[in-house]
2 protein chains.
Amino acid sequence: MTKGFDADCPATREILNRVGDKWSVLVIVILADGAKRFNDLKRSIGGISQRMLTLTLRGLEQDGLVKRTVYPTVPPRVDYELTPLGRTLLEPVTELAMWAQRHRPNVQNARAAFERAAKPPVPRRGT
Amino acid sequence: MTKGFDADCPATREILNRVGDKWSVLVIVILADGAKRFNDLKRSIGGISQRMLTLTLRGLEQDGLVKRTVYPTVPPRVDYELTPLGRTLLEPVTELAMWAQRHRPNVQNARAAFERAAKPPVPRRGT
DNA sequence: CGGTATCCGACTGGATACTG
DNA sequence: CAGTATCCAGTCGGATACCG
């Protein structure tokens, strides 16, 4: 089982590096709704710095996942939207997000148990 | 569309943090074949330091994705294996890995194009 | 509005040495 | 064998200031 794919191959490492960073997935998911302008995006995300939004968008653009469109109007206007390629990525990413939500209780649980196991497991009553 | 899930929710952020690190996915995929001992794992992976393997395994164990079994024999022996929870994670992760492989040419392509667009796009013949 | 440039602290991860 | 401890370079990412 699980034969037939390499998770260690460069391709996987590559996409994992992109998708595993702090903001990329978030941006992708927000752009799933349609094109957005830079500052709209920034507001939608909420905790991101201008610098990181720029870097994240550049990364996604570079990988062909996002398309950047500049309208040379007087206050400049730039739209970002998912490319078709970017939209296909949406599916495995959504899978992962759904896994996260379904199994979150398990994970939390495991973490609590792990923590309990680490500490001397609660002095019983007396001491 | 894509309503009905939050990629920004804490659960997703959490699992993305785990899965997005440098080694976790690799470990998970290797353990898909069955239990392995520490040094077997280390050899299977190839580029990992002892420290990082330990940290990665602790992280996975903490989240209930991997089970650690110590046999108190004279040279100590420790087995690591996926928990049922860990095995369920294998699926979305595999999806992502397959996406990476299917679309790698596109990504590579986009990167090349991006690079070309960045530099003054090739002086034509004369200069 | 949509960036770029700079600075800097925090965290990541490799190398190495030591331990039960 | 399976770690732990320490050190240290490199990267990530936030804050801030400035620019077209």
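Here is the naming used below: chain letters follow the sequence lines, and residue numbers restart at 1 for every chain.
A cation-pi geometry, defined here as NZ or CZ lying under 6.0 Å from the six-membered ring centre and within 45° of its normal, does not hold between Arg18(B) and Trp23(B).
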Could you go through residues 35-42 of chain A and list every donor-acceptor pair under 3.5 Å that involves a side-chain atom there, pairing it with any protein atom two or more places apart or in another chain?
from	atom 1	to	atom 2	distance (Å)
Lys36(A)	NZ	Ser44(A)	OG	3.0
Asp40(A)	OD1	Arg43(A)	NH2	3.0

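The rotation axes computed at either terminus of the helix from dC1(C)-dG20(D) to dG20(C)-dC1(D) lie 40° apart, taking five pairs at each end and rounding to 10 degrees.
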All N/O contacts under 3.5 Å from nucleotides 2-5 of chain D to the protein, with atom names and distances to one decimal?
from	atom 1	to	atom 2	distance (Å)
dA2(D)	OP1	Arg37(B)	NE	3.0
dA2(D)	OP1	Arg37(B)	NH2	3.2
dA2(D)	OP1	Val78(B)	N	3.4
dA2(D)	OP2	Asn39(B)	N	2.9
dA2(D)	OP2	Asn39(B)	ND2	3.4
dG3(D)	OP1	Arg58(B)	NH2	3.2
dG3(D)	OP1	Arg68(B)	NE	3.3
dG3(D)	OP1	Arg68(B)	NH2	2.5
dG3(D)	OP2	Tyr80(B)	OH	2.5
dG3(D)	N7	Gln50(B)	OE1	3.1
dG3(D)	N7	Gln50(B)	NE2	2.3
dG3(D)	O6	Gln50(B)	OE1	3.4

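Thr88(B) places a side-chain N or O within 3.5 Å of a backbone atom of Leu85(B) that can act as its donor or acceptor partner.
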Note to self: Pair Lys67(B), Glu61(B) - check salt bridge (charged side-chain N to carboxylate O under 4.0 Å, His left out), show working.
What the structure shows: CA-CA 6 Å; Lys67(B) 179 160 147 259; Glu61(B) 191 195 354; over 6 Å; no
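In summary, Asp63(A) and Arg111(B) engage in a salt bridge, as defined by a charged side-chain N under 4.0 Å from a carboxylate O.
Within the structure, the ring-ring contact (aromatic ring centres under 6.0 Å, His included) test picks out the following pairs touching residues 75-112 of chain A (sequence neighbours left out): Trp99(A)-His103(A).
Residue Val66(B) comes nearest to Thr83(B) through the heavy atom pair C-CG2, 3.7 Å, listed as atom of the first residue, atom of the second, then distance.
Taking 4.0 Å as the cutoff to heavy atoms of chain A, we find the contact window on DNA chain C bounded by dC1(C) to dT6(C).
With rounding to whole Å, Leu53(A) atom CG is found 13 Å from dG13(D) atom P.
Lys42(B) comes within 4.0 angstrom of no nucleic acid atom, judged by non-hydrogen atoms across all strands.
Under the 4.5 Å side-chain contact rule for hydrophobic residues, Val70(A) and Val74(A) do not share a cluster.
Residues Gln108(B) and Glu14(A) bring a donor and an acceptor atom of their side chains to less than 3.5 Å of each other.
Residues forming a salt bridge (charged side-chain N to carboxylate O under 4.0 Å, His left out) with Arg51(A) (at least two apart in sequence, or on another chain): none.
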